[in-house]
Amino acid sequence: MNRIHELLGCEYPIVEGGLAYVGNGRLAGAVSAAGGFGQIGSAGRTMEQLIEEIDEAERVANGKPFGVNIPISEHSDKEAYVNAILGLAHRIKAVSLSAGNPRPFIERFKAAGLVVMTVVASPDQAKKVAAAGTDIIIAEGYEAGGHNGLQELTTMALIPQVVKAVSIPVIAAGGIANGAGIAAAFALGADGVQIGTRFVATKECQAHDHYKAELVNGKGEDTRVIERSLGRVTRVLNSPFVEKILILERDCPGWDALAPYVRGENNRRAAIDGNVEDGWLNCGQGVGLIDDIISVEELMARLINEARDAGKRLSAAWI
Ligand SMILES: Cc1cc2nc3c(=O)[nH]c(=O)nc-3n(C[C@H](O)[C@H](O)[C@H](O)COP(=O)(O)O)c2cc1C
């Protein structure tokens with residue numbers, strides 16, 4: 001047992017990251033049923049849609065706890081969304097807060113009995129959210145799929161510095177797609193891992209088959225960072241559509257020119273409708289490790305076996 005088991009009530013300290021548009025209840029429930037900790041992604045969902053996914057996660061999770069990810073800046077009416085989730089607190093174990101200032105919300109979620117995890121990208125951010133009362137830090141490196149921190153710290157450098165900066169439990173995220181990555185995160189001092197991209201390529205994920213096929217075909221060098229000219233860092237899978245965005249960012253940056261390309265609707269169109277020519281797909285650098293689309297149960301068993309093997313290699317390696 002470590003601190004993540006105790007706080008989240010799961011068997012393995014493997015958390016499914018919040019996944020905009022594709023982090024559905026079936027996936028979250030399956031991760032929790034397999035002993036990990038699943039989270040429903042709220043980005044791209046109305047409150048009514050989120051409640052449907054919570055219903056589904058409850059059906060699939062078999063009584064095991066799961067959570068909801070709340071990327072704060074993605075919700076235009078934050079107060080209403082947060083209040084609605086507070087009203088559902090009895091049905092979920094934890095929330096993870098990301099993409100925005102979490103401080104006004106941490107104590108409110110804790111007062112409702114929820115475990116609060118906060119996503120950070122630097123040791124400084126980790127100290128601030130620890131002081132604001134978050135229970136768990138999710139430290140996400142620059143390898144990760146989706147929005148990353150402007151600091152661009154990689155997982156290898158970030159995790160030990162965050163572990164040094166705070167005394168609360170730290171979950172490592174970014175670039176972890178197999179059991180060796182999990183073992184490495186523990187070697188760096190993390191108490192658990194959060195995985196995003198690898199969970200998209202599972203049978204239970206609602207992502208379109210075209211998206212999953214792109215992940216199986218993708219290599220580690222195939223990701224790009226878009227939105228830098230807008231002060232954001234978003235790691236996606238390269239494609240002609242993404243190359244068009246990068247050229248626009250170089251030649252005529254600014255929200256007006258870029259908005260038709262970078263808005264979330266284009267992510268939804270590619271990820272859910274499968275129209276990968278007319279949209280972009282969130283994707284981390286660990287994509288090169290994805291070779292198949294399997295069930296969450298199979299993936300969890302594989303990750304755990306690989307992590308155990310990697311742990312043995314680690315202890316036999318050089319000391
Ligand atoms: C498809 C996709 C969507 C994501 N959407 C969100 C999101 O809505 N909120 C969030 O906090 N993180 C989001 N992330 C980041 C993940 O929660 C996770 O931290 C990250 O994927 C870990 O890195 P990895 O992709 O290398 O495993 C997303 C990542 C992916 C791949």
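Each residue takes its place number in the sequence, starting with 1. Indexing begins at 1, ligand by ligand and atom by atom, following the structure's order. Since the structure is predicted, the reported quantities are computational estimates derived from the model, not experimental observations.
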Donor-acceptor under 3.5 Å ([X] side chain, [Y] main chain):
{"X": "E204", "Y": "L27", "value": "no"}
{"X": "Y21", "Y": "G264", "value": "yes"}
{"X": "T223", "Y": "G284", "value": "no"}

For [X], atoms of ligand 1 separated by under 4.0 Å from a heavy atom:
{"X": "G17", "answer": "17 (O)"}
{"X": "A43", "answer": "8 (O)"}
{"X": "P71", "answer": "8 (O), 9 (N)"}
{"X": "I195", "answer": "27 (O)"}
{"X": "G174", "answer": "22 (C), 23 (O), 26 (O)"}

Quick check on [X] - does any of its heavy atoms sit under 4.0 Å from an atom of ligand 1?
{"X": "G175", "result": "yes"}
{"X": "R198", "result": "no"}
{"X": "G41", "result": "no"}
{"X": "Y211", "result": "yes"}

Notebook entry, point to check: What do you reckon, does Q194 have a nitrogen or oxygen under 3.5 Å from a nitrogen or oxygen of ligand 1?
Noted result: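 There is such a contact, yes.
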
Margin query: Under a 3.5 Å threshold, yes or no: a donor from one side chain and an acceptor from the other, between R108 and N83?
Written below: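 Yes, because at least one side-chain N or O of R108 sits under 3.5 Å from a partner of the opposite role on N83.
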
Next item on the list: Say whether R269 and N266, considering side chains only, have a donor N or O and an acceptor N or O under 3.5 Å apart.
Entry: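 There is such a pair between these side chains.
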
Check: Atom CG in L246, atom OG in S229: separation rounded to 0.5 Å?
Finding: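 Result: 9.0 Å between the selected atoms.
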
Item checked: From L86 atom CG to L114 atom CG, the distance as rounded to the nearest 0.5 Å ->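 Result: 7.5 Å between the selected atoms.
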
Just distance, no hydrogens or angles: give the donor-acceptor pairs under 3.5 Å from side chains in residues 270-280, sequence neighbours left out.
| from | atom 1 | to | atom 2 | distance (Å) |
| --- | --- | --- | --- | --- |
| D273 | OD1 | R268 | NH1 | 3.2 |
| D273 | OD2 | R268 | NH1 | 3.4 |
| D273 | OD2 | R268 | NH2 | 3.3 |
| N275 | OD1 | D278 | N | 3.4 |
| N275 | ND2 | D278 | OD2 | 3.1 |
| W280 | NE1 | Y261 | O | 3.2 |

In the protein, what heavy atom is nearest to [atom], and what distance, to one decimal place, separates them?
{"atom": "atom 31 (C) of ligand 1", "value": "T197 OG1, 3.5 Å"}
{"atom": "atom 30 (C) of ligand 1", "value": "L19 CD2, 3.5 Å"}
{"atom": "atom 20 (C) of ligand 1", "value": "E140 OE2, 3.4 Å"}
{"atom": "atom 29 (C) of ligand 1", "value": "G145 O, 3.4 Å"}
{"atom": "atom 11 (O) of ligand 1", "value": "S98 OG, 2.7 Å"}

Checklist line | Of the listed options G18, G141, G23, G196, closest to atom 14 (N) of ligand 1 (non-hydrogen atoms) | finding: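 It is G18 that holds the nearest heavy atom.
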
Margin query: For atom 3 (C) of ligand 1, tell me which residue out of A20, A144, G146 has the closest non-hydrogen atom.
Written below: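 Residue with the shortest heavy-atom distance to the ligand atom: A20.
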
Margin query: One thing to verify: whether D291 and K212 come together as a salt bridge, which I'm taking to mean a side-chain N less than 4.0 angstrom from a carboxylate O.
Written below: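 Judged by the 4.0 Å cut-off on N to carboxylate O distance, K212 and D291 do not form a salt bridge.
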
Note to self: Which residue in the set E243, E214, E221 passes side-chain hydrogen bond (donor to acceptor under 3.5 Å, both in side chains) when paired with N238?
What the structure shows: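 In the set E243, E214, E221, the residue that makes a side-chain hydrogen bond (donor to acceptor under 3.5 Å, both in side chains) with N238 is E243.
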
Checklist line | For the student: nearest non-hydrogen atoms of R308 and Y12, plus distance | finding: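 Where R308 meets Y12 most closely, the heavy atoms are NH2-CE2, 4.2 Å.
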
Note to self: I need the contact type for N69 against ligand 1. Using non-hydrogen atoms and a strict under-4.0 Å cut-off, is it side chain, backbone, both or neither?
What the structure shows: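 Looking at N69 and ligand 1, just side chain atoms fall under 4.0 Å.
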
